[in-house]
Amino acid sequence: MAHQPSDTIAGLYEAFNSGDLETLRELIAPDAVIHLPGTAGDAEHPPGTPRDREGWLGVWQFTQAFFPDMTATVQDIVQTGELVATRCVARGTHTVEFMGVPPTGRPFEMTMLNMSRVRDGRIVEHWTISDNVTMLAQLGVKASL
């Protein structure tokens with residue numbers, strides 16, 4: 001059976017959950033175009049984060065520094081051609097200061113929707129939408145409107 005784009009995405013989640021940076025580098029093309037919240041300068045991730053593989057891995061490492069036990073569980077995966085969509089739940093624990101809030105030890109759970117374009121077994125484009133407002137509320141961060 002031929003390697004399917006959804007196999008690449010399953011491998012991505014396995015590598016993310018195990019902290020395997022080298023496998024992540026193998027699964028993401030160096031010139032991949034990454035569309036993440038924060039890479040355009042909003043407050044979720046460091047402003048000016050490059051929209052390529054190394055930028056994405058930098059955001060992943062940044063997130064892991066704040067939530068070292070964070071994992072993502074795929075709830076649904078759908079493939080059409082080279083596009084793969086996933087709905088997953090990310091879980092972790094607030095163990096270090098985050099956004100000025102001292103560690104609370106509180107767990108969080110948030111839904112993420114991802115879509116990736118996979119060619120020749122590598123991710124060449126990726127989009128993420130995550131429910132950060134729910135995660136921040138679970139950690140006790142008060143949003144001002």
Side-chain angles (χ1 to χ4, degrees), residues 3-79 82-119 121-145:
H3 185 79
Q4 295 293 313
S6 57
D7 298 330
T8 298
I9 301 307
L12 178 84
Y13 282 98
E14 288 173 22
F16 171 79
N17 288 334
S18 67
D20 186 348
L21 192 59
E22 290 311 309
T23 297
L24 290 169
R25 279 199 169 90
E26 291 171 13
L27 294 174
I28 306 165
D31 59 348
V33 178
I34 309 301
H35 309 277
L36 300 176
T39 55
D42 68 40
E44 183 185 351
H45 298 301
T49 302
R51 292 181 177 266
D52 59 10
R53 176 181 70 189
E54 293 309 310
W56 191 10
L57 294 177
V59 167
W60 175 73
Q61 290 172 310
F62 174 81
T63 303
Q64 287 294 305
F66 286 107
F67 307 108
D69 67 339
M70 189 166 94
T71 59
T73 303
V74 174
Q75 304 292 306
D76 294 298
I77 188 165
V78 178
Q79 176 184 324
E82 62 185 17
L83 289 174
V84 181
T86 60
R87 180 180 61 86
C88 68
V89 175
R91 294 177 179 88
T93 309
H94 183 207
T95 58
V96 298
E97 183 175 323
F98 179 67
M99 296 182 67
V101 177
T104 62
R106 292 180 182 170
F108 72 86
E109 182 175 294
M110 72 172 171
T111 299
M112 299 177 69
L113 300 175
N114 298 288
M115 182 175 290
S116 298
R117 185 179 314 280
V118 179
R119 288 192 190 123
R122 296 184 101 181
I123 297 165
V124 297
E125 193 167 17
H126 178 83
W127 298 262
T128 292
I129 297 173
S130 52
D131 185 6
N132 296 320
V133 171
T134 296
M135 179 206 48
L136 293 172
Q138 292 170 20
L139 299 182
V141 176
K142 305 288 185 217
S144 59
L145 300 176

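- In this structure, Trp56 and His126 have parallel ring planes: the angle between them is below the 30° cut-off, well short of the 60° mark.
- A distance of 9.0 Å separates CE in Met135 from NE2 in His94, rounded to the nearest 0.5 Å.
- Between the Gln138 side chain and the Glu109 main chain, a donor and an acceptor come within less than 3.5 Å of each other.
- Using a 4.5 Å cut-off on side-chain heavy atoms (C-beta onward), Phe16 and Thr63 make no contact.
- Taking every heavy atom of both residues into account, His3 and Gly121 meet most closely at CD2-CA, 4.2 Å.
- Checking side-chain atoms of Thr86 against main-chain N and O of Cys88 turns up no donor-acceptor pair under 3.5 Å.
- Closest heavy-atom contact between Pro68 and Thr95: CD-OG1, 3.6 Å.
- For the pair Tyr13 and Asn114, the minimum side-chain heavy-atom distance is below 4.5 Å.
- Leu136 places a side-chain heavy atom less than 4.5 Å from the side chain of Phe98.
- When all heavy atoms of Ile34 and Asp52 are compared, the closest pair comes out as CG1-O, 3.6 Å.
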Q: Could you walk me through whether Ile9 and Ile77 pass the side-chain contact (heavy atoms from CB on, under 4.5 Å) test, one step at a time?
A: CA-CA 9 Å; Ile9 301 307; Ile77 188 165; 4.2 Å; yes
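- Note that CG of Leu24 is 6.0 Å distant from CG of Leu12, once rounded to the nearest 0.5 Å.
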Q: Check the pair Val133 / Asp131 against side-chain contact (heavy atoms from CB on, under 4.5 Å), numbers first and verdict last.
A: CA-CA 6 Å; Val133 171; Asp131 185 6; 4.2 Å; yes
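- Contact between Thr111 and Arg87 at its shortest, heavy atoms only, is CG2-CG, 4.2 Å.
- Under a cut-off of 6.0 angstrom, the local environment of CG in Leu83 is crowded, with over 12 non-hydrogen atoms contributed by other residues, nucleotides or ligands.
- Across all non-hydrogen atoms, the minimal contact from Gln79 to Pro5 is NE2-CD, 3.2 Å.
- To the nearest 0.5 Å, the span separating OG1 on Thr93 from CZ on Phe108 amounts to 7.5 Å.
- Closest approach of Gly11 to Leu27, counting heavy atoms only: C-CD1, 3.4 Å.
- Between Glu54 and Arg25 there is a salt bridge, with a side-chain nitrogen of the basic residue lying less than 4.0 Å from a carboxylate oxygen of the acidic one.
- One finds the OG1 atom of Thr73 at 6.5 Å from the CG atom of Asn17 (value rounded to the nearest 0.5 Å).
- For the atom pair CE (Met110) and CE (Met70), the distance works out to 5.5 Å, reported to the nearest 0.5 Å.
- Put simply, CD on Glu14 and CG on Asp20 are 10.0 Å apart, with the number rounded to the nearest 0.5 Å.
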